[in-house]
Q: 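I'd like to ask some things about the structure below.
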Amino acid sequence: MATATKPEYEALPDERGHFGPYGGTFVAETLMAPLAELRAAYDHLRADPEFRRELDWTLKHFVGRPSPLYYAERWSQQLGGAKVYLKREDLDHTGAHKINNTVGQALVAKYMGKKRVIAETGAGQHGVASATVAARLGMECVVYMGAEDVERQKSNVFRMKLLGAEVVPVHSGAKTLKDALNEAMRDWVANVDTTYYIIGTVAGPHPYPTMVRDFHCVIGDETREQMLEQEGHLPDALVACVGGGSNAIGLFHPFLEDSGVRMYGVEAGGEGLATGHHGAPLAGGRPGVLHGNRTYLMSDDSGQITATHSISAGLDYPGVGPEHAWLKDMGRVDYATVDDDEALSAFHELTRVEGVMPALETAHAVAYVKKLAPTMRGDQTIVINLSGRGDKDMATVAKFSGEAME
Amino acid sequence: MSRIEARFSELRGSGRTALIPYITAGDPDPGQTVGLLHGLVEAGADVLELGVPFSDPQADGPVIQDACQRALAHHVRLRDVLDMVADFRATDGTTPIVLMGYCNPIEAMGTEAFATRAAEVGVDGVLVVDEPPEESGDLIQALVQRDIDPIFLVAPTTADDRMERICTTARGFVYYVSLKGVTGAAAMPEEEVEAKVAAIRGHTGLPVGVGFGIRDAESAARLGAFADAVVVGSAIVSRIAENQHDADAMRASVGELVGSMRAALDRVA
């Protein structure tokens, strides 16, 4: 695979959705036609100025873009190294980057004439973001959520219901995000004529990994402009947490061709890689096929998907987007892990020092920067994708900190 | 001539429709599978479909999902399923066996290693639900080199040009998914099924089987009037589930259902 020419990251995936050996369309025959229909619709819309205008208008006036790029001065000084900037996706409408993708896909659904949307959700952020755009466009919305996550994330379940969505608890398998995705796929197979499936991350069959990436690239595009404006040069390092990997790819992708920009994707180390209780398929998994694409997976020797663990429900997923699998193999992005305790401690630190309370998913990226920043010079810069706010995690943080909260 | 081809040509000669029952290997426990397979043959099965358990069976409804979970509780691996086929073959050299499952267990074993062992134990066809022909290049080659038939699905959503491509890749028989939904779902649109089966015949001389949504002898018989084979899964697996703690009752119940389907199919023939 080693060649003298550098890979053209912009050219991927190929027309069948492959990022090198990863990606593709691994679904039952019934879904091949609706996926082809979606590819055709999306290829048309991405080049359509009217669609672009409506999307940009919605991102500005409904989502609240551009999101600020904030220099965390006090925290940077405390870390004693690089200047750390926070890309404030936590300030997007509904509190996380997820909405960039759902507004985009909801517009695709509208142009395709679909009146019903379905989604899977883990922590509930993608479910809330889907219910939000469905409410705005007057669409029926059904959200599949693992029965365990329904228990863990009660306030987001209530938010979705307030927005008019039906939340279906999934009792099959491990009762978490991967099972919610299975169940959403089963719904889609049965209702392909009327239903649009809003996948919440850069996984799934082609064209989802590409389409979801494209909708999140606004994060990296804005960051480039804002860094040039504030610092006069591109950042030296980008850091983002990786579950399925949508916020990370949104920040990274527009910089892939800039060889001076280093990138770090941070997976959930859970109780530690050695324990096997983690959510880090890139660090501790192997290539395989799940949910429509080939990628790194948490699976056992015989190909069964294994249980994952993370303090953050949004990183509690056994797969990862196929483009990340490719970027790992190419060595373009460094993937690291941060365990539950480190993430929790970083959550407290950023909250106290900067008055910015990150989601526990995001806290993994914050924790990694605590290690990275001191190794860099004071004239260098790091951008963290502050992908979501921590309000949804109050109960978890209280529990782990030994405090009562009701 | 492969065992699948031989079996269909024998049935065509006598004007009969093939009955293809499905069970999940290792359900309710690994010790029962080979006995159940022989029981299916005694009750009138022409071809056997043996499911390889997978943790995330996306195309399956709750009945077969639960069967996978029961098998996985006993840690049944693809290698074990192939050993079961070897055991079955020790006393039945003629009934074709088609393995049905998902991509990841095969990838984990390795495509070449899987195909080699499958040929060794006497597997006749392989249907990988989440691997359409576009993604199946290596597997198709590995199977065909060893005279194992790659079986592919055609769905209600499959357009005509695509149907043609699938039919030229498929061997053994073409499996028509009778409804938009997962295995074991509700009523199938029979007129539409009949039209689609006719369309498939326009592209291939291979036998056409119909599955997903066949619950009883009556629905099997109605499909048997125009299909070359009917595949029955969830209805049989439900009987296994209901009787999972009583092996004799389980075999009797499964045998009774398969026998009634056999009789109904033979009445139309």
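In what follows, every chain begins at residue 1, and chains take the letters A, B, ... in the order their sequences are listed.
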Q: Side chain from CB out, backbone as N, CA, C, O: work out which of these in Ile166(B) comes under 4.5 Å of a heavy atom of chain A, or both, or neither.
A: side chain

Q: Considering only heavy atoms, which portion of Gln69(B) lies under 4.5 Å from any heavy atom of chain A: side chain, backbone, both, or neither?
A: side chain

Q: If you compare all heavy atoms of Ile305(A) against all heavy atoms of Ser55(B), which two are closest, and at what distance to 0.1 Å?
A: N-OG, 2.9 Å

Q: If you apply the rule side chain to side chain contact (heavy atoms under 4.5 Å, CB included), what do you find for Val128(B) with Phe26(A), and how did you get there?
A: CA-CA 10 Å; Val128(B) 185; Phe26(A) 291 86; over 6 Å; no

Q: Can you tell me if CZ on Arg152(A) sees more than 12 non-hydrogen neighbours from other groups inside 6.0 Å?
A: yes

Q: Output the distance between atom CE (Met32(A)) and atom OG1 (Thr158(B)), rounded to the nearest 0.5 Å.
A: 9.0 Å

Q: Is His18(A) close to chain B through its backbone or its side chain, or both, or neither, when contacts mean heavy atoms under 4.5 Å?
A: side chain

Q: For side chain to side chain contact (heavy atoms under 4.5 Å, CB included), just list the numbers for Gln58(B) and His291(A), CA-CA rounded to whole Å, side-chain angles, deciding distance to a tenth of an Å, and then say yes or no.
A: CA-CA 8 Å; Gln58(B) 273 186 45; His291(A) 294 154; 2.8 Å; yes

Q: Of the backbone (N, CA, C, O) and the side chain (C-beta and beyond), which part of Pro57(B) lies under 4.5 Å from a heavy atom of chain A, both, or neither?
A: both

Q: Does Gln141(B) have more than 12 heavy atoms from other residues, nucleotides or ligands lying within 6.0 Å of its CD?
A: no

Q: Heavy atoms only: give me the nearest Asn104(B)-Gly288(A) pair and the separation to one decimal.
A: OD1-CA, 3.1 Å

Q: Please state whether the side chain, the backbone, both or neither of Leu181(A) comes within less than 4.5 Å of a heavy atom of chain B.
A: neither

Q: Please determine whether the number of non-hydrogen atoms from other residues, nucleotides or ligands lying under 6.0 Å from atom CG of Asp138(B) exceeds 12.
A: no

Q: Nearest heavy-atom pair of Glu29(A) and Thr157(B): which atoms, and what distance?
A: O-OG1, 4.0 Å

Q: Using non-hydrogen atoms and a 4.5 Å limit, figure out which bit of Val192(A) sits close to chain B: side chain, backbone, both or neither.
A: side chain

Q: Between Ala108(B) and Ser302(A), what is the shortest heavy-atom contact and its length?
A: CB-C, 3.8 Å

Q: Taking all non-hydrogen atoms of both residues, which atom of Lys178(A) and which atom of Asp56(B) are closest, and how far apart?
A: NZ-OD2, 2.9 Å

Q: Residues two or more places apart in sequence or in another chain: which of them pass ring-ring contact (aromatic ring centres under 6.0 Å, His included) with His278(A)?
A: none

Q: Examine distances only and state if a side-chain atom of Arg186(A) and a backbone atom of Asp60(B) form a donor-acceptor pair shorter than 3.5 Å.
A: yes

Q: With chain B, which of Val189(A), Asp179(A), Asp301(A), Asp187(A) has the greatest number of heavy-atom pairs at distances under 4.5 Å?
A: Val189(A)

Q: Charged N to carboxylate O under 4.0 angstrom, Asp193(A) versus Lys180(B)?
A: yes

Q: What are the two closest non-hydrogen atoms of Gln65(B) and Ser172(A), and how far apart are they?
A: OE1-CB, 3.3 Å

Q: Between Glu134(B) and Thr25(A), is any side-chain donor less than 3.5 angstrom from a side-chain acceptor?
A: no

Q: Name the region of Arg79(B), side chain, backbone, both or neither, that has any atom closer than 4.5 Å to a heavy atom of chain A.
A: neither

Q: Taking it one step at a time, do Glu135(B) and Arg294(A) satisfy salt bridge (Lys or Arg N to Asp or Glu O under 4.0 Å)?
A: CA-CA 10 Å; Glu135(B) 302 285 1; Arg294(A) 181 180 283 117; 5.3 Å; no

